[in-house]
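Presented below is the structure to which this report refers.
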Amino acid sequence: MLLYFGKGFFFAGSNIVPEVRQRAFEFALWFPLLALVAPLTQVLHQMVYADGDGKVSMASCLVLLGGNVAFSVILCNHIGLSGIVLGSVVSSVLSILVSLLHFLRKSNSLRFVLHFNVRDTLAIFRYSAVEVCDFLLLGFLFFVMNHFCLAYYDADYLAVFSVMTDVIEFSIMLGAVWQAAEPVVNVYRGEGNAKAIRGMMSHVNVMMFVVAVFSAILLAAIAPLVAQIFHIQTPKLIDETIGAIRTISIGALGIAFLKLYACYHLHEHPVYALVLVMIFLLVAPITMMLLFVHLMGASGLWFGLALSPYVSILVGIALFAVVFGVGHFPMLLEEDKDTLYFVENMELTPEHLVNLRREVEALAVAHQLCMNTKLKLMLLVEEMGMLSISKNPNRKLLGEFTLMIGKQYVHAIFKDNGRVLDLTDLEQELSDLRAFLITSLMASHKEKMYLITVSFNRHMFRFPRYETES
């Protein structure tokens, strides 16, 4: 919306000829409608995925991606440049319709509720400010880079600049790793499980490293093909485009981890996350481009931009250490000193469950849990796991058991990726003796809860650590 209503001011400072400006105005024609449907598309993606329906969420994303390409090409050929944005509108609407299929499923726990609250609105703004500023600052960075190109190159070089803006926007795919991990990490945050957060973030770091390095190598390898796709024909501009793409690919690893940790800190330290994004997209790139253009001439433009993510990381780490302390880094998080954390991830098999039951028994004895709590924990671990196995024949089941032993209470959390199965539901069908045993235990125990979390069944229980007086 800001681009649509402020496009006159924006293009006035871009030194473009009237014909190109008219084409730009034509391109922006459908932006107000896109601004209405695009946020809803993204929100539904996240909600459906968090509600445990990865298949519908994936289908919705594929419809958005494939439809965007197909409809933009078709409509552009029929109605001109405005068809590109209109194609995005059509694909967004279709993606929304696919996401709504989740609401027809029995496992759906989402409900549309008419609600407005100023405090909630401010909270949403607080946590969405980083993504908003991400796009706004990226647009401003392109605006500055456009002036750099016009100042140090001739007008023909704008073709190279156009290619590079698309290559830089390609970095949005690096955020996919965090989007997949975010719901799980936030669940661990809610549980106060620093040990699980460290474990999850170690996996995310490795995956992000692999994706970023692969993307950098792939980008450098296909640079000549990219130049052909964008119909760069002059030999000099082809060489300039290939060189610029390969230089920018150096920064892929820095961009990946900046995006990762800006998003990670968003929930706990939103102001810091916002500052980090401003350093990444405003302060560091402009400073580095000015510095390397001064040192190397015009060729330093892309080199300075490629190194700016690493400078941003160093500045961000130093700032975080000063403000919050080293102990708050994700890989250095410490558990609550008054709580013992035990986390076990496994494939659900009878052998693994028996071993887990023995480990739980040993922990209960070592930490002097009362007999009633010890027996219930041992029973839950084995029987819930075995019931899940029986309800999911011929399927590889993964599970996670978390035990948190505090001063007064013991919290147990059991997750599995089997079909939706709420064992706290006392009205469920009793198909065998094991189901009857579990239902009897649930009926006698009040402090329990069931939630679906990112395609996992999640059962939570609280027990007293010591014997309670009757």
Side-chain angles (χ1 to χ4, degrees), residues 127-148 164-179 181-182 201 204-213 215-216 219-220 244-296 300-326 328-332:
Y127 293 116
S128 63
V130 170
E131 289 198 32
V132 172
C133 288
D134 195 351
F135 288 103
L136 290 178
L137 291 176
L138 185 61
F140 182 76
L141 178 61
F142 288 160
F143 181 77
V144 173
M145 288 169 61
N146 180 66
H147 281 272
F148 267 99
M164 294 309 298
T165 57
D166 286 335
V167 170
I168 293 171
E169 287 181 342
F170 179 71
S171 67
I172 194 172
M173 67 161 284
L174 296 174
V177 175
W178 172 248
Q179 287 182 357
E182 181 181 18
M201 289 306 295
V204 172
N205 285 336
V206 171
M207 181 59 68
M208 186 64 85
F209 180 84
V210 171
V211 170
V213 171
S215 299
L219 194 58
I245 292 174
R246 288 175 173 168
T247 301
I248 282 293
S249 68
I250 296 171
L253 191 62
I255 293 173
F257 280 94
L258 264 170
K259 284 181 172 290
L260 170 61
Y261 283 99
C263 292
Y264 172 87
H265 291 297
L266 174 60
H267 294 279
E268 294 181 334
H269 309 296
V271 175
Y272 169 76
L274 181 59
V275 170
L276 187 60
V277 168
M278 293 181 68
I279 294 171
F280 167 47
L281 289 175
L282 188 65
V283 179
I286 293 177
T287 302
M288 295 296 287
M289 284 190 294
L290 285 171
L291 175 62
F292 279 90
V293 165
H294 176 72
L295 295 175
M296 302 172 58
L301 176 68
W302 304 114
F303 195 72
L305 190 63
L307 292 181
S308 65
Y310 301 101
V311 174
S312 302
I313 288 176
L314 294 176
V315 173
I317 290 174
L319 181 62
F320 188 88
V322 170
V323 176
F324 303 107
V326 176
H328 286 82
F329 283 115
M331 302 308 299
L332 299 176

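Numbering starts at 1 and runs along the sequence shown. Please read all numbers here as calculations on a predicted model, not as lab measurements.
Using a 4.5 Å heavy-atom threshold, the side chains of Ile168 and Leu138 count as touching. A heavy-atom distance below 4.5 Å is not found between the side chains of Tyr264 and Val204. Taking 4.5 Å as the limit, every side-chain heavy atom of Leu305 sits out of range of all side-chain heavy atoms of Met164. Side-chain contact check for Leu219 versus Val167: some heavy-atom pair is nearer than 4.5 Å. Side-chain atoms of Leu137 and Met278, non-hydrogen and from C-beta on, do get closer than 4.5 Å to each other. For the pair Met289/Leu141, a side-chain contact is recorded, criterion being any heavy-atom separation below 4.5 Å from C-beta on. Ile279 places a side-chain heavy atom less than 4.5 Å from the side chain of Val275.
The shortest heavy-atom contact between Met201 and Trp178 is SD-CZ3, 3.9 Å. Closest of all the heavy-atom pairs between Val283 and Thr287 is O-OG1, 2.7 Å. Across all their heavy atoms, Pro285 and Phe280 have their closest contact at CD-O, 3.1 Å. Ala252 approaches Ala216 most closely through the heavy-atom pair CB-CB, 3.9 Å. Contact detail for Gly304 and Met288: the closest heavy-atom pair is O-CB, 3.2 Å.
For Val144, the side chain to side chain contact (heavy atoms under 4.5 Å, CB included) criterion is met by Phe140, Phe148, Ile286, not counting sequence neighbours. Among residues two or more places apart in sequence or in another chain, the ring-ring contact (aromatic ring centres under 6.0 Å, His included) test is passed with Phe329 by Phe320.
More than 12 heavy atoms of other residues, nucleotides or ligands shown are found within 6.0 angstrom of CZ on Phe324.
The line from CZ of Phe257 to CG of Asn205 is 5.0 Å long, rounded to the nearest 0.5 Å. A distance of 12.5 Å separates CG of Leu319 from CG of Leu314, quoted to the nearest 0.5 Å. In this structure, the separation between CG on Leu258 and CG on Leu281 is 8.5 Å, given to the nearest 0.5 Å. Between the CG atom of Leu260 and the CD atom of Glu182 there is a distance of 10.5 Å, given to the nearest 0.5 Å. The CE atom of Met296 lies 5.5 Å from the CZ atom of Phe303; values are rounded to the nearest 0.5 Å. Rounding to the nearest 0.5 Å gives a distance of 8.5 Å between CG of Leu276 and CD1 of Ile313.
The stretch residues 302-318 participates, sequence neighbours left out, in these side-chain hydrogen bond (donor to acceptor under 3.5 Å, both in side chains) pairs: Tyr157-Trp302.
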